[in-house]
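Just follow the structure's listing: the first ligand is 1, and inside any ligand the first atom is 1. In what follows, residues are counted from 1 in the order of the sequence shown.
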Amino acid sequence: MGKLNIVGLGYIGLPTGLMFASNGIDVVGTDLNESLVETLQNKKLTFEEKGLQKLFDKALECGIEFSKKLIKTDRYIITVPTPYIKESKKIEAKYVVSAVSQVLDVCEKGAVVVIESTISPGTIDKFIRPVVEERGFIIGKDIHLAHAPERIIPGNMVFELENNSRTIGADSPEIAEKIKGWYKSFCKGDIVTTNIKTAEMSKVVENTFRDINIAFANELAKICDREGMNVYELINIANKHPRVNILQPGPGVGGHCISVDPWFLVGDYPDIVNIILAARNVNDGMPDYVIGRMGSIMKENNITDISEVGLYGLTYKENVDDLRESPTLQMLERFKKYFVKGINVYDPMVKENKVCGQIQNFDEFIEKSKFIVVLVGHQHLKDNMNVLKDKIILDTRNIIEVGEKVYKL
Ligand code: SAJ
């Protein structure tokens, strides 16, 4: 077998490539983003993630290479972004189609092309096969297609890469087994093989399940607020039941996965979806709900000056530096729309200023903000709880002990 070419070195491609390389596979990672490739070639990581530096060092020792151009080989794993089109809610397949097309320009005859990026069910049939066939390739002979969706959770990627179970969908059991052999180099979990469409569907369904469960928790938070009840206590009690496992309410569902994938099902099955769409709407409505809660807390405490208000946390969840689809960004968009200016924003994980009002100095943020809305439960805040004691707080992540001036979701 030739080198394993990882195409797309983002949040999934990079750790995956490093993991393969650290486990004895000859890997080259490719990305069109020249500065990203140069950073990696200069032995610097492009994002922060627990355990990634160690893995990077090991992969470098094992000889991983990074390239701006695709090389000729007989095996590729594609890990490029797959967003959705805002209006239609259907997948934007152009990046993945373009990556496959570029692979066809260079690959060896009989090459195996595995797509790891999340794709909506039927994407390979609808968008990839036609491109391959138009180019004169016979699928199953000149080229083999497969889908091996990733499942790793930002914040615990390295552990989950090694320990999660995986799914591999291919046109034939032989190709599925061949790919399984590659992943077995590091994956300690079960590796289940199936057809391509089931693999596509399983990934989207897993993230949709979580979205629906979070929406349920968010709806409970609203019910409890109306009843003056503590939603966290309620969920804690309900979860003592052996078959109940409710997730946690929060300011909204961000990230590039859970807030995106259910839309694929909404876009493709508009006449069938009910729960899936309702859950999306509940979760997408949470930033507005938090703004509403902020308004009533400000009124209750006679706060009229927005520059006395601080939003803690810009990332989509705790202890990551990823801002994609973050609830805080969604709230800031709303403020912009209504010409609300001057709110303070702080996030210890975001070292460059990305939004108006962002402050890099934590002490300055604390000093300016009489009312703090905790939107992300970073470890940083847990380590600095003492500075919050005289503040009015809306804690949307349930990380602060209940107190006189602490409001919960
Ligand atoms: N959230 C809540 N309440 C919860 C859990 C999460 O409000 O109880 C929020 C988070 O704050 C965040 C969003 O949901 O804004 C998503 O966070 P997450 O930690 O649930 O998931 P992601 O997006 O980081 O990663 C998910 C994972 N999918 C599942 O757990 C089913 C991961 O395993 C996938 O690999 C990843 O999506 C992906 O790439 O698809």
> What atoms of ligand 1 come within less than 4.0 Å of a heavy atom belonging to Pro154?
Replying inline: 24 (O), 25 (O)
> Can a donor-acceptor pair be found between the side chains of Lys408 and Asn230 at a distance below 3.5 Å?
Replying inline: no
>> Below 4.0 Å, non-hydrogen atoms only: which portion of Gln248 touches ligand 1? Side chain, backbone, both or neither.
In response: both
> Considering only heavy atoms, does Arg397 approach ligand 1 within less than 4.0 Å through its side chain, its backbone, both, or neither?
Replying inline: side chain
>> Counting only heavy atoms, tell me which of Phe209, Tyr316, Tyr11 gets closest to atom 17 (O) of ligand 1.
In response: Tyr316
>> I want to confirm something. Looking only at heavy atoms, which of Ala217, Gly313, Cys257, Pro149 is nearest to atom 38 (C) of ligand 1?
In response: Cys257
> Among all protein non-hydrogen atoms, which one is nearest to atom 16 (C) of ligand 1, and what is the separation to 0.1 Å?
Replying inline: Gly254 O, 3.7 Å
> Is it the side chain (CB and beyond), the backbone, both or neither of Ile152 that lies under 4.0 Å from ligand 1, heavy atoms counted?
Replying inline: backbone
> What are the atoms of ligand 1, with element, lying closer than 4.0 Å to any heavy atom of Gly252?
Replying inline: 15 (O)
> Against heavy atoms of Glu206, which atoms of ligand 1 measure under 4.0 Å?
Replying inline: 31 (C)
> Judged by modelled atom types alone, do Asn353 and Gln360 share a side-chain donor-acceptor pair under 3.5 Å?
Replying inline: yes
>> Under 4.0 Å, heavy-atom basis, I'd like to know which part of Lys203 is in contact with ligand 1: side chain, backbone, both or neither.
In response: side chain
> Taking the inter-plane angle between the rings of Phe20 and Phe186 on a 0 to 90° scale, is it parallel (under 30°), tilted (30 to 60°) or perpendicular (over 60°)?
Replying inline: perpendicular
> Taking atom 9 (C) of ligand 1 as the point of reference, which of Thr396, Ile214, Thr328, Asp322 owns the nearest heavy atom?
Replying inline: Ile214
>> Whether Lys222 engages the ring of Tyr289 as a cation-pi pair (distance to the six-membered ring centre under 6.0 angstrom, angle to the ring normal within 45°) should be assessed.
In response: yes
> Nearest protein heavy-atom contact for atom 30 (O) of ligand 1: which residue, which atom, what distance?
Replying inline: Arg210 CD, 3.1 Å
> Is the Phe362 ring parallel, tilted or perpendicular to the Tyr312 ring (thresholds 30°, 60°)?
Replying inline: perpendicular
